[in-house]
Protein chains: 2
Amino acid sequence: MKCDPSARGDTRRKILDLAEGLFLSRGFSALSYQQVSKVLGVRNAAIHYHFPHKTDLGVALIQRYRRRFERFVDSQAELGALEQLVNYFELSTVYFSRDRQICPSGVLSTEYPALPDEMQREALGFIGQMRAWAVAIADKGRAEGCMRYPGEPEAMGLLMFSALQGALQLARIEPDMLVAVKAQICRLLDLPPDALAAGGTTP
Amino acid sequence: MKCDPSARGDTRRKILDLAEGLFLSRGFSALSYQQVSKVLGVRNAAIHYHFPHKTDLGVALIQRYRRRFERFVDSQAELGALEQLVNYFELSTVYFSRDRQICPSGVLSTEYPALPDEMQREALGFIGQMRAWAVAIADKGRAEGCMRYPGEPEAMGLLMFSALQGALQLARIEPDMLVAVKAQICRLLDLPPDALAAGGTTP
DNA sequence: GACAGCTTACTGACCGGTAAGTAGAGTCGC
DNA sequence: GCGACTCTACTTACCGGTCAGTAAGCTGTC
């Protein structure tokens, strides 16, 4: 019927974009093919054409995050620890400003036991990536001498990761949570509270 | 049929107990009347007798948490800040040990946009209680001189709240997350890492 | 006989998923 | 240049299962 060449291969991306929004605001179990197809103006079966099973859609979603995140981390490699921290913080601000979405790792870990096996595997890999990055920032920060904190970089990275994930979720209900937690992390890293004034590149 | 007098009024509680477990491990949207009724050995309609709408079940669940939590906080009033922190930590350990459940505030904030209005209202109140308690611990800890940290007690309390919520979720995937984050919070509060050796009373 | 506490039996909506058909663009031999 | 064929990207029309929810009937207790 409509095989508009300008839109060729576009539907798949549109499905992913739309599903991503629903995923981050309502979760995977609460996401249905109908919600996507209705907004997109196609039939339910059209989604099934691109993603035969709901699991396929979920896996594609996480894999896209992983690729995107990998590129993002690569693009940050040359930056200093402080700038990387700024961009880390900026990441969660972007999510929050988009209709109070939360970070994918938050949705994935919360729904983890209800997810199909293949999605669990991908989630494991994705969260491993995020964890590694957070730890790397704490590590680099200490090496560069711009961050001062007790304990190992490992522990400090995990704390920042956990705190940001939790704060982003709780900010839906307590809007001051995100800024408060970010500011406190800065204090605990012995940074000046206004060290985060500059913006950064986010995926 | 079976109106066993010893079980009178027991079904309602059993429903709540079972629903609570499913709620904490799989979330509210992924929780169905069938799952509860099947395990409980009753018909679907029996659940509807006690909780006409799913929203009623959800609200009852949160209200029970609130009552329970209030009693818990009251019972802690006389304790020192350090003991209260121990019990706070113990709370999340108990959740984790019960089949990797997460804390109610984590489920509620993650699913928040998909929840019915009445549940959102209750969630707001519940998370307000938890927030207040976390801040109170940080406050008391500084007043007693047993905790040393930069910034206001408000900010430190919110950080602990966020970090524990996030860590509990992430521990499903990265099992070392919970202990690592707890230990790091202790270091950041300038406590000895083994300050948490003692157990405490948890609800 | 009134009531609590269920049951059986049902409803309509929605869920993910499938099979068969089709429009249109591209490709092929001739 | 043209018909035949193939492929992509859908559509229509279903499927059985599950969802929350309801109405009416039954049973044991007071």
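Numbers restart at 1 for each chain; the letters A, B, ... are given by sequence-line order, proteins then strands. Everything quoted here is computed from the prediction, not taken from an experiment.
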Checklist entry - Any side-chain N or O of B:T11 under 4.0 Å from OP1/OP2 of C:dG5? => result no
Item to check | Separation of C:dA4 C1' from B:R12 CZ (nearest whole Å) | outcome: 14 Å
Checklist entry - Does D:dT12 have OP1 or OP2 sitting under 4.0 Å from an N or O in the side chain of A:R43? => result yes
Checklist entry - Between A:R13 and A:D17, is there a side-chain N and carboxylate O pair less than 4.0 Å apart? => result yes
Checklist entry - How does protein contact run along nucleotides 10-17 of chain C, one letter per nucleotide 5' to 3', with B for base contact, S for sugar-phosphate only, - for none, heavy atoms under 4.0 Å? => result ----SSSB
Next on the checklist: The criterion is side-chain hydrogen bond (donor to acceptor under 3.5 Å, both in side chains); which residues satisfy it with B:E154, sequence neighbours excluded?
Outcome noted: B:R131
Item to check | D:dC10 OP1/OP2 closer than 4.0 Å to side-chain N/O of A:H50 | outcome: yes
Item to check | Nucleotide D:dT11, atom C1' - distance to NZ of A:K38 in whole Å | outcome: 18 Å
Next on the checklist: In this structure, how many angstroms lie between the C1' atom of C:dC6 and the NZ atom of B:K14, rounded?
Outcome noted: 14 Å
Next on the checklist: Ignoring hydrogens and geometry beyond distance, is a side-chain donor-acceptor pair present between A:R187 and A:Q184 at under 3.5 Å?
Outcome noted: yes
Item to check | Protein-nucleotide distance (A:I15, atom CD1; D:dC10, atom P), rounded to Å | outcome: 7 Å
Checklist entry - Hey, are B:E118 and B:T55 close enough side-chain-wise for a donor-acceptor pair under 3.5 Å? => result no
Checklist entry - Should the pair B:Y65 and B:F23 be assigned to parallel (<30°), tilted (30 to 60°) or perpendicular (>60°) ring geometry? => result tilted
Checklist entry - About how many Å separate CG of A:L164 and CG of A:L159, when rounded to the nearest 0.5 Å? => result 9.0 Å
